[in-house]
Structure formats: C-alpha cells, structure tokens
Amino acid sequence: MLDNSPFFRQPASVTSVMLRVLVALIPGTAIYVWFFGAAVLVQIAIASITALAAEAAVLRLRGRPVWMFLTDGSALVTAWLIALTFPPIAPWWLVVLGTLIAIVVAKHLYGGLGQNPFNPAMVAFCVMIVAYPQLMSQWPAVGFTDFHAQMTAIFGARHLDAVVMATPLDALRTALHTPEAHATVAGVLGSNATFGNIGGKGWEWIAVGYLVGGLWLIQQRIITWHMPAAFLATLALIAGAACLAAPERFAGPQFHLLTGGAMIGAFFIVTDPVSGATTPRGKLIFAAGVALITWIIRVFGAYPDGIAFATLLMNMCVPLIDMHTQPPVFGYKGDKGGTS
Amino acid sequence: MSRRLFSFHGGVKPAYHKAPSILQPIQAAPLPAEFVIPLHQSIGGIPRPTVTVGERVRKGQMVGAPDGNVTSAVHASTSGLVKAMEMRRMPHTSGLSALCVILEPDGRDEWIDHAPVPWREMSPNAVRDILRDSGVVGLGGAVFPSYLKVNPGKRGHLDTLVINGAECEPFITCDDMQMRERPEGVVRGAGILRDLTQAARVLVGIEDNKPEAIAAMKAAIERTGEERLEVVAVPTRYPAGGAKQLIRVLTGIEVPHGKRSTDYGVQCFNTGTAHAIHDALELGRPMISRIVTVAGNVERPGNFEVRFGTPMRELVALCGPKPDTDRLIMGGPMMGFRMPGDEVPVVKATNCVLVGSPAMFPPPPPEMPCIRCGECVKACPADLTPFEMYWFSRAKLFGKAQEYHLFDCIECGCCAYVCPSRIPLVDYYRFAKSEIWAREQEKAAADQARDYYEFRLAREEREKQEKAAKLAAKAAETKAKLAGQATADGAAAAEDAHKALIASAMGKAKTQQDAVRPRNTDSLTPEQQAQVAEAEARRTANTEAKSDA
Amino acid sequence: MASYLFIILGAVLVNNVVLVRILGLCPFMGVSKKLETAVGMGAATTFVLTLGCGTSYVIDSWLLIPNNLEYLRTLAFIVTIAAIVQLTELVIQKTSPVLHQVLGIYLPLITTNCAVLGIPLLNITQKHGFFESLLFGFGSSLGFTLALVLFAGVRERLDGADIPKNFRGTAIGFITGGIMSLAFMGFAGLDKYK
Amino acid sequence: MLSALLVMALGAIILGGALGFAAVKFRVEGDPLVEKIDSILPQTQCGQCGYPGCRPYAQAIANGDAEINCCPPGGEDGIRRLADLLGREFKPLSGEHGIEKPRSVAVIDENVCIGCTLCIQACPVDAIVGAAKQMHTVIAPQCTGCELCVEPCPVDCIAMKPIAETVDNWKWKYPVFEITPRKAA
C-alpha cells in the first residue's frame with residue numbers, strides 16, 4: 001500500500017486536462033462544420049469510436065486496467081485531431097485505418113499514454129498521406145454541405161469529383177510548381193474560388209476558431225505560451241521575409257498563418273506535451289523548428305501541408321533538445337555550465 | 001521598515017489547517033509510564049550508551065555519549081530507573097528496531113546538577129563541545145548536530161544568520177506557538193548564535209500568516225535589547241521554510257547542493273534550535289524535550305512540551321483521537337513519515353504528530369502514466385525537472401536520474417502535490433536515492449576488498465620470494481660446501497687448499513693422538529688422575545711450544 | 001557554391017542515406033543504444049566515408065578508367081574501404097579503447113556497411129567530380145550521423161518506456177526507424193526544386 | 001588482364017604498407033578496459049566464475065573468453081552494468097556458477113573453532129584474524145561473503161549470515177501500486 005508523503009494532493013487529473021483540450025477544440029470545430037458540413041462530425045464520431053475500441057482492445061490484450069485509461073480522454077483527443085486534419089469527405093476506412101495506426105502503433109506499441117515519442121495523430125496523417133496522397137488531399141468545396149452527398153462519399157464508393165477541391169495551400173503549390181503556368185502568388189490567389197480574403201475561403205475563420213480555443217487553453221494553464229508563440233512568430237517571420245524578397249513566388253505571412261493546419265498546429269498539435277519538448281527554451285526551439293520545416297515543405301515540398309511531417313521530424317529531436325536545454329538547478333544559476 | 005525580498009521558483013499553496021492547534025497554549029505533556037529513548041536520534045554516529053540496566057539516573061543525565069565526528073549526546077528525560085536496554089521499534093517508515101534506553105520514571109523528576117555555562121569566556125571549541133554534549137540538534141526536522149553548524153566558516157564571520165521561523169508545512173504550529181509564548185528564549189538564542197558565528201546581522205524569517213508570532217518576536221527583541229536582529233515577514237508559500245529556500249528569500253543567495261552555506265556567508269537555524277541553544281548555554285540544561293504539535297484527526301489539537309522517549313500513543317491520547325484514526329504521521333502532510341505503530345517514541349525530529357484517517361488523507365487514486373505536462377517543473381522549488389528524474393528512476397536508470405540532479409531534490413513533495421497523474425514522485429526519488437547510496441557503499445566496499453586482496457597477493461608474492469631467497473641461500477651454502485670438499489686436493493685456490501690440507505692433517509693427527517692416548521685411564525684414583533692431568537698439561541704445553549716454533 | 005550546398009543538404013535531409021535510401025541499417029540498429037556510442041560511430045563513419053569517397057574517386061578516374069578496368073570497381077572499392085576501416089580501427093583502439101570496445105563488431109563492420117560502398121558507387125553513377133564526391137560522401141555520412149544520433153536519443157528515452165514485452169529492443173527500434181523514415185519522406189521533392 | 005593484376009597488386013602493396021605502418025605506430029599497450037570491467041565486479045574474489053579472482057575474470061571478459069553472466073555475487077545488476085559497458089546483450093545469471101544470494105558475512109562459532117588457521121589461509125581479503133591453536137574471528141566489515149573459508153574448516157564452525165537490515169541501511173522500496181482502481185469500501 002502506498003502511504004508516503006505527501007499525503008495531500010491537488011485535485012487535478014489527466015482526464016480534466018484532456019477534457020479541457022477537447023472543449024478548446026469546440027469553437028474551431030463548430031466553424032469547420034459551418035463551412036464544410038456535418039461530415040466533420042461524422043468523421044469525429046468514426047474516429048472516436050475507433051480510437052476507444054482500439055484502446056480498449058489493446059489495454060485488454062496487455063492486461064491493463066481498461067476503464068481507467070479509457071476515461072483519461074487522451075484517445076479522444078487523438079481521435080479529434082485525426083478527424084479534424086483528415087479531409088471531411090475521406091472514406092470511412094481511411095479514418096479508421098489512420099486512427100488504428102495512431103492508437104495501436106504510435107501510442108500503445110510504445111507503452112501507451114505518456115510514453116509515445118511521436119505524436120500519434122501526426123503519425124497517422126503521415127502514413128495516410130504517403131499511402132493515399134489522392135484521397136488525403138480532397139476537400140469538399142467550401143459551402144458544399146449536402147449531408148447526403150457527403151455520406152455517400154464517406155460510406156459509398158462513388159467519388160464526388162464535381163465538388164472536390166484542393167485545399168488553398170495545395171492549389172497554390174500546384175500552380176506555382178507548374179513551370180508552364182508562369183503563375184504568381186497574386187495571380188493564383190486572385191483567380192481561384194478557393195481563396196478567400198486572407199487565407200482561403202472559410203479557412204481563415206476556422207483558424208480564428210482554433211485561435212480562440214488555444215488562447216483559452218493558455219488561460220487555463222494547460223499549455224504555456226512558448227510553443228504557439230514561437231511557432232506562429234517563426235512561420236510569420238519566414239513567410240514575411242520570403243514574401244518581401246520575392247512576392248510573386250512566396251505567399252505572405254497572413255496566408256500561411258490562416259490557412260491549412262497552422263492554427264490547429266500551433267495550439268493543439270505542437271503543444272502535445274508527451275511528444276514535444278518540455279523545457280522553456282526547448283519549447284521555443286521545438287516550435288520554431290516545426291514552423292521552419294512546415295514552411296519549407298509547404299513551399300518546396302511535394303505534400304500539401306507540412307505540419308505533420310515537421311512535427312514528427314521535430315519529435316525525433318526532442319530528447320536531444322530537452323537534454324541540452326535543461327534550466328540550471330537551484331544554486332547553479334549564476335555559473336555557466338554549472339552542472340556538476 | 002521594508003526589506004527587499006527575493007523569491008524562489010515554484011512552490012505550492014496547500015490548505016494550511018493551522019488554526020485548530022493554536023487555540024490552546026503550549027501544555028506540558030505528563031510523564032508516561034515508561035520512556036523509550038532511542039540512542040540514535042540525530043544525523044551521524046550512534047552514541048555510546050553510558051548507563052547500565054538497573055542504574056538510577058537523574059533528569060538530564062547523559063545516557064548516550066557522543067561517538068565520532070558527527071554525533072550528538074542523548075539524555076535521560078526524567079529521573080528514574082533504567083529498566084532495560086533493548087531493541088525497540090523506531091519512529092521510522094521502515095518499522096525496524098534500534099537500541100533504546102527504557103527508562104521508568106520515579107516521579108520525582110530530579111534534575112542533575114546544572115548551572116549556566118560561562119560561554120562568553122570560553123573558547124569556541126569548548127562551547128561547541130558543550131553543545132554536542134547537551135545533545136542540541138536541528139529541530140526543524142533534519143536533526144543535524146548543531147555544534148557543527150555553530151561555525152563562522154572559512155571567512156571567520158557570517159554576513160547573515162537566518163533564523164527559520166517560516167514553518168511552512170500545513171498543520172504544524174510548534175514554532176509559531178513557541179515564538180508567541182517564549183519569544184525571549186528564541187531571541188536570546190539567536191543572539192548567542194549571532195555572537196558564536198560572528199554574524200553581521202540576524203534575520204528571523206516568519207511566514208506572513210503568523211502575525212502574532214511576528215509581533216511577539218518584535219516585542220521580544222525590543223525587550224531584550226538584542227542588536228542586529230530583525231524579524232522579516234516572508235510571503236506564505238510552501239516550502240518557504242526549507243533552509244535553502246528561506247536563505248534565498250531573505251538574502252537572494254542560493255546555496256547549491258553539497259556546498260556549505262557558510263562558504264556563502266550564511267547559516268540557518270530553526271527557531272526551536274535557537275531556543276534549545278539558549279537553554280543549553282544560559283540555563284545549562286541539556287535537550288530533553290521539545291514542542292510538538294498534535295493535529296489532524298483529534299478532538300483537541302494543540303501543542304505540547306514533550307520529553308523525548310514519550311510514546312506517541314500517550315501523547316495523542318491527550319488530544320482525543322477520533323475513532324476512525326488509522327495512522328500517525330511524524331511531521332507534516334507534505335514531508336512527514338508514516339509511523340509503523342503508535343507505540344513509537346517522540347524523538348528530536350518529531351515536530352508534529354499528525355493523526356490521520358482515511359477520510360482526512362484518502363488513499364491515493366491510482367497512478368496514471370506521466371504525460372510530461374510540466375506541472376511538476378513549475379512547482380519545483382529546486383528548479384529541477386521532476387518528470388525526467390521520475391522517468392529514469394522508474395526505469396532504474398540511476399545514472400541518468402543523477403544527470404538530472406536527483407540529489408538536489410529536497411523531497412518537499414510539491415511535484416507529487418500538483419501531479420495530475422497522481423504519481424508518487426517523491427517515492428521514486430527516495431527509492432532511487434537509497435539505491436544509489438547502497439551502490440556507492442557497495443562500490444566502496446568492493447574497492448576496499450580489492451585493496452585487501454591485492455595486498456594479500458603482494459604479501460604472498462613477497463613471502464614466496466623470501467622463501468625462495470632463503471632456499472637459494474641455503475642451496476648456495478650446500479653447494480659451496482660440496483664444492484669445498486671436491487676441491488680439497490685441487491690447486492684452484494692454493495692457499496685455501498693449503499689451509500684445508502693443514503686442517504685435514506690436524507684432524508688426522510688428532511685422531512692419531514686420540515688413538516695413541518692410553519686407554520687405561522678409566523677407574524683411576526684421584527692421585528693418578530691428577531698425575532695424568534699434569535702430564536696432559538705438559539704435553540699440551542709442549543705441543544703448543546712446538547707448533548709456535 | 002549553391003549547388004555544393006544542395007549536394008550536402010540533399011544528402012543529409014532529402015536523400016538521407018539511412019532513412020530514405022535505407023542503406024547502412026546494421027550500425028543504425030546496432031550502435032544506437034547509447035548516444036555516446038552513436039556519436040562515436042557517426043564520427044568514425046564520417047571519417048571512413050569521406051576518405052573512402054575521395055580515394056575511390058581517385059582510384060576510379062586515375063587507375064580504373066584509363067586502363068578500362070571499370071569492371072574491377074566493386075572489388076577495388078571494397079579493398080580500399082577495408083583498408084581505411086582497418087586504419088580507423090587501429091587509431092580508435094589507440095585513442096579511445098572504450099569506444100573501440102563499445103563499437104565492437106560494428107567497427108570492422110563499417111567495411112560491410114552498405115552505405116560505405118553505396119555512396120562511392122552512387123558518386124560514379126551521378127558523375128560527381130572529385131570535390132563533389134568528397135562533399136557527397138561527407139554529406140551522406142553527416143546524414144548517417146544525424147539519423148543515428150536522433151535515433152539514439154529517442155532510444156535512450158524509450159529505455160524508460162513501458163513497451164509491451166514482445167516489442168522491446170530491436171522490434172520497437174525498427175518501428176521507430178520506420179516512423180523516422182516516414183517523417184523524412186516529408187522532404188521528398190525538395191531536391192527537385194532548385 | 002595483366003594491367004588488372006598490376007593495378008590490384010599495386011593497391012595491395014600501398015594499402016598493406018599503410019596498414020603495417022599504422023599497426024606499429026598505434027600499437028596499444030595493456031588493456032585499459034580490464035580496469036573498467038574490474039571496477040564493476042564485486043571484488044569478492046570468490047572464484048565462482050571459474051577464474052582465480054575478479055581481475056582474471058575481468059581479463060577473460062575483455063579478451064572475449066568469458067561470458068558476462070558468470071558472477072553470482074555481482075548479480076543481475078552487475079551483469080546489466082557489464083552489458084552496458086561492453087555493449088553486449090544482457091543475459092540472466094548462468095546457473096552453473098551459482099545463484100545470487102543476499103549479501104552475507106562469515107561468522108565463526110567460537111566454541112567449536114580449533115584454531116587450525118585453514119580458514120585464514122583461504123580468506124582472500126585477510127578478514128579472519130587468529131593464530132595456530134587460538135580461536136579465530138571474522139572482521140565483519142572486511143568480509144566480502146565469498147564463502148571460501150567455509151569449505152576448508154575441518155570442524156564446520158563457519159556459517160554465512162545474511163547482513164541484517166537496520167534503520168541505517170534500510171532502503172526505500174520501489175513504489176508498487178494496485179493498478180486497478182480501489183473500490184469504495
């Protein structure tokens with residue numbers, strides 16, 4: 001029986017942390033549903049059920065207490081992130097497969113909650129976009145909220161070519177990467193229906209939703225300001241500098257910040273404490289690194305968005321970052337390298 | 001009068017629960033049926049018993065004499081009969097036993113002869129010896145022998161002497177009550193410490209949730225007229241009463257782990273220790289009691305002046321424990337230790353006996369895995385990364401845990417207090433620390449064994465060589481002898497051969513002489529014998545004369 | 001100048017020798033249990049590979065091609081590399097016995113590290129000049145070191161993780177390597193964008 | 001064909017020369033690794049590993065002649081640290097060399113001892129004092145618990161006693177919990 005000091009504990013639990021993360025996702029999700037239809041909610045349901053079932057199965061297989069870990073909420077957070085980053089009209093099996101990979105491979109093979117070195121949702125995203133690049137980059141056109149058609153897309157076999165569109169990031173990249181088109185950023189952004197006023201039609205408002213939720217998380221002291229700030233600032237700085245240097249080739253910071261997964265990434269993906277850096281300096285380095293790689297992949301790479309790859313790449317560096325950014329301990333703050 | 005205060009990182013603000021135990025004044029705990037006085041009550045060597053079973057002792061008589069460099073004496077808590085010296089359960093989490101003096105009070109409570117110590121006229125070393133023999137140890141909980149700390153350090157003087165009256169742990173009010181009721185003793189003791197350590201100033205740090213104690217101490221300073229003494233209210237935040245944290249708050253100095261604070265010009269004593277030093281020097285009384293808070297699951301919590309060796313059961317009985325009581329905790333809820341039973345004695349480290357019940361301290365909820373949320377990092381007053389230390393301690397990768405400064409951890413419990421996964425982090429650190437210590441001891445033992453073994457090998461080798469040398473010498477001798485015989489007629493060494501020749505010739509002559517000597521010399525009369533002797537002497541003389549010639 | 005930078009960056013990130021080309025997996029799995037040895041192995045491989053690329057270029061263009069002996073390439077390269085590895089081993093044994101012991105079998109195995117033969121051969125097929133060969137060799141071995149060090153860092157942390165019994169050790173190592181490889185696929189296409 | 005042979009021969013000569021030079025230049029004297037291995041071994045000098053003492057065993061490990069799991073007094077922990085140092089796989093203690101026992105010290109029954117000095121000669125660390133026909137005794141803190149003295153004693157007066165746990169050498173236990181949530185009773 002455990003009975004040593006401290007005998008007192010603050011009432012806090014992993015469940016409450018995870019639940020508050022879910023709450024913070026609500027504004028962004030709501031706006032997402034507004035623009036892309038109830039299919040988003042269906043995907044969340046598919047991912048959540050798969051995640052919980054997979055979690056329960058693995059826990060049972062490993063002989064761990066099922067109920068305790070099922071109710072910690074971490075699987076739900078992973079499931080929501082998968083549902084929100086996968087296309088809303090992705091076939092159901094894509095989401096199920098992704099969630100299984102996230103929960104079984106990326107999380108439980110490493111020992112489960114708290115032990116995975118890689119962000120499970122992002123592992124799922126990367127596996128899926130490498131395996132099914134086509135399916136993973138088909139978004140419904142903004143405002144296409146016909147529930148029946150969406151359901152056919154998710155559960156049926158028919159494709160919805162007429163209403164499928166690339167994301168703004170994807171469209172811009174494809175246009176710029178096609179040498180014959182002689183496209184410029186301004187030209188592409190002005191011409192295409194996908195692009196809204198700032199970041200892409202609808203997308204900018206979703207980003208604002210995530211921003212609101214994220215700020216609330218900071219206020220709740222679930223996450224610290226370091227990661228979102230470093231991520232957004234780095235992304236804005238690089239994009240801004242590139243845009244100033246060659247405005248016809250590089251989109252500006254407002255586009256990069258308000259489109260794709262930048263906001264959900266800044267507040268909900270890079271801030272994952274398990275797979276991210278944990279020291280204050282480490283957090284800044286980590287998030288800045290993710291932003292840099294994201295921008296590189298977005299602009300020069302072959303994939304529509306780089307946040308997932310960038311997160312995994314920086315996840316790898318976390319042990320080294322943490323090791324080398326340990327703050328000085330009590331009594332050694334004055335002297336440099338005072339680690340005895 | 002506002003002093004610039006510093007802040008330490010982290011800390012928590014638990015519910016304090018101090019109010020119930022300060023309603024009553026300090027009471028003297030009655031004499032128990034028997035005292036169980038453990039010999040080992042302080043850090044360092046185990047005192048040597050100085051009494052025998054059946055001996056009558058008086059109150060304050062030394063029962064355990066200091067033994068070794070770091071050690072402290074132990075005294076009889078009252079007058080009475082030494083009933084036994086035996087192993088009794090210690091107030092220690094392990095529940096193991098150690099040697100105790102069992103004292104049966106005679107009820108007379110007679111003091112040994114004692115008188116104030118003229119410490120001002122004595123050399124510092126003599127004063128330290130008195131403190132050691134008076135059994136004064138730190139009463140804040142660490143029970144480090146105080147005489148070793150009453151030391152101005154390498155520089156010959158201290159900048160700041162800190163008197164720790166912060167008392168940051170929930171429930172505990174013994175220092176608070178002592179400062180309220182007996183501030184003069186504390187202030188005088190602080191004055192003595194100031195003079196002994198040559199401190200430029202003395203700061204008494206008291207958490208600002210004890211305004212009465214602050215007022216009482218200020219008044220006492222005015223009354224006693226002690227100089228360079230100042231009471232400083234420090235913000236209430238656990239663990240402000242940690243020695244290092246309080247030094248940091250009052251002076252801004254951080255004393256790293258493993259360094260002497262005197263090297264940084266500061267030293268820290270608990271208020272209770274200051275009072276005990278006052279008693280030891282100004283009254284000449286050894287330390288036989290202390291103030292103990294009894295709080296928690298009792299009807300009438302309060303503070304008691306308790307003699308060491310009083311079983312906790314009898315102390316708790318004074319306060320009316322509630323029926324659902326299931327445990328006693330020595331110390332506070334953050335750093336205290338669960339007692340193996342209620343018969344264990346109050347010792348010098350006992351600042352509080354916390355009575356617990358399942359309702360009061362519910363069994364911890366199941367431990368979840370660490371999610372690296374960083375709450376513990378925010379709470380750690382030693383600026384550590386607790387979850388990394390936990391991660392490696394749990395996996396028994398002790399080297400790695402040490403790389404994350406495991407030994408800088410003061411086990412304050414803040415990390416475990418805030419952990420959303422409810423991990424008993426401190427248990428892992430204690431486990432890792434004691435494993436590492438055990439390993440270091442094993443390593444030292446192994447190194448020593450290697451030395452012994454190598455010495456033995458060297459010795460055996462030497463003995464072998466010596467034996468061989470002896471044998472060789474003997475062999476050479478025999479060889480020489482043999483060689484000598486063999487070369488008797490040889491001309492290799494002419495002179496030697498000549499001498500040998502003479503020797504052998506003489507030998508031959510002797511045999512011949514012996515042969516020609518008359519054999520009728522047996523059974524002679526004394527006269528004949530005398531004649532023979534005369535003749536022999538003549539012959540010898542003749543022979544000598546001949547050979548001389 | 002920029003093209004040289006692209007050779008190095010391309011070799012380190014885009015076509016990382018371990019994670020994208022999947023060459024040299026034995027040391028990647030074998031010597032990545034501790035960060036310290038990973039750094040040592042990385043340094044040794046960097047030395048061998050850079051030197052090997054230079055030497056093999058020299059041998060190829062001065063000895064083999066003039067004599068129409070291209071068919072001896074693999075043989076000649078292997079022999080040269082083996083000699084360089086032997087040399088490195090002797091030097092390491094002298095300078096750092098513990099590293100030598102820890103690298104153990106993997107040090108002589110640099111000889112059979114496919115990366116060490118693969119990169120010089122890639123140099124030939126990609127028609128790199130002498131300096132480019134050196135840079136490519138250096139960049140590739142940097143990529144190898146990077147992958148090895150990152151992997152070792154992750155594995156050191158995994159030492160403390162509660163990994164299911166059947167997956168401990170090499171199994172989870174391969175899974176981790178797979179995820180790392182997946183992440184490096186994110187750089188795909190970067191080298192086409194010059 | 002000839003040129004191929006020539007080229008390969010030339011290469012062989014140059015490389016062989018370089019290697020030969022290096023072998024002489026970088027010759028390693030002694031083996032510092034033995035020291036490191038020896039410092040992990042428990043120095044009981046008990047010989048259970050089959051080597052006459054800890055250092056010979058260390059030497060054998062360094063040479064690759066011995067497995068790392070032959071030292072019962074060092075236990076699992078010792079094997080783990082050896083595996084760590086040498087980069088070898090951890091192996092459980094090999095049964096043929098003995099089993100891991102709690103640390104013990106030898107105790108001589110002083111009523112039975114006849115003073116034969118055989119145990120004194122057997123003790124590798126000189127932890128037994130006494131003289132011929134005099135009673136012997138063990139210096140407990142010096143005793144490594146190797147048991148080498150038990151066998152030679154003609155009257156079987158030496159026993160191994162595990163070191164008792166005291167308040168001072170007590171160790172905090174590894175925190176173990178019930179994983180399943182407790183039912184409210």
Side-chain angles (χ1 to χ4, degrees), chain A residues 1-18 64-65 67-69 71-74 77 110-116 221-224 226 271-280 282-283 318-319 322-323 325-335 338-340, chain B residues 8-9 12 14-15 93 170 244-245 248 254-259 327 329 331-338 354 356 360-361 363-375 377 381-385 387-388 403-405 408 411-414 416-422 424 426-427 430:
Chain A
M1 170 160 159
L2 161 82
D3 231 343
N4 292 318
S5 58
F7 300 94
F8 259 15
R9 269 154 205 286
Q10 211 171 43
S13 69
V14 176
T15 313
S16 85
V17 172
M18 294 294 172
R64 298 296 145 108
W67 187 246
M68 183 177 113
F69 284 107
T71 49
D72 66 23
S74 61
V77 172
Y110 287 98
L113 177 65
Q115 328 216 25
N116 47 299
R221 291 173 45 98
I222 302 278
I223 59 174
T224 60
H226 300 84
T271 51
D272 171 32
V274 175
S275 56
T278 48
T279 61
K283 283 177 180 172
V318 162
D322 273 356
M323 224 176 279
T325 54
Q326 285 296 318
V329 305
F330 191 88
Y332 293 98
K333 279 168 211 152
D335 24 308
T339 49
S340 55
Chain B
F8 63 92
H9 175 264
V12 294
T93 317
K244 290 181 175 184
Q245 280 67 32
R248 157 91 193 155
E254 289 190 3
V255 182
H257 169 72
K259 297 273 171 64
R327 79 190 95 172
I329 293 160
M334 297 297 284
M335 290 183 76
F337 296 100
R338 185 193 159 100
L354 188 56
M360 190 160 214
F361 303 119
E367 174 189 355
M368 297 279 286
C370 168
I371 54 166
R372 299 164 63 88
C373 64
E375 284 298 320
V377 181
D383 304 271
L384 300 170
T385 316
F387 65 82
E388 298 278 14
E403 273 174 37
Y404 284 96
H405 308 277
D408 288 50
E411 298 179 23
C412 64
C414 288
Y417 177 80
V418 298
C419 180
S421 288
R422 289 134 355 182
V426 187
D427 282 13
R430 291 180 185 132

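Computed from a predicted structure; not experimentally measured. In the text below, chain A, chain B and the rest are named by the order of the sequence lines, each starting its count at 1.
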Which atoms of [X] come close to chain A, meaning under 4.5 Å heavy atom to heavy atom: side chain ones, backbone ones, both, or neither?
X: Ser421(B); value: both
X: Pro170(B); value: side chain
X: Val377(B); value: neither
X: Glu388(B); value: side chain

Value for CD (Gln245(B)) from NE2 (His9(B)), rounded to nearest 0.5 Å, stands at 11.5 Å
Met368(B) side, atom CE; Phe69(A) side, atom CZ - distance, nearest 0.5 Å:
5.5 Å
Looking at [options], which has the largest count of heavy-atom pairs under 4.5 Å with chain A?
options: Gly413(B), Pro369(B), Cys414(B), Pro14(B); result: Pro369(B)
options: Thr385(B), Leu384(B), Val426(B); result: Thr385(B)
options: Leu354(B), Ile329(B), Val12(B); result: Ile329(B)

Is there a side-chain contact between [X] and [Y], using heavy atoms and a 4.5 Å cut-off?
X: Met68(A); Y: Pro366(B); answer: yes
X: Glu367(B); Y: Arg422(B); answer: no
X: Asn4(A); Y: Phe337(B); answer: no

Comparing Ile222(A), Thr279(A), Val17(A), Asp322(A) against chain B, the one with the most heavy-atom pairs below 4.5 Å turns out to be Asp322(A)
Minimum heavy-atom separation for Ala416(B) to Arg9(A), with atom names?
O-NH1, 3.1 Å
Go through the side-chain N and O atoms of Ser5(A) and Arg430(B) and say whether any donor and acceptor fall under 3.5 Å apart.
yes
Heavy-atom distances under 4.5 Å only: say whether Thr224(A) touches chain B with side chain, backbone, both or neither.
side chain
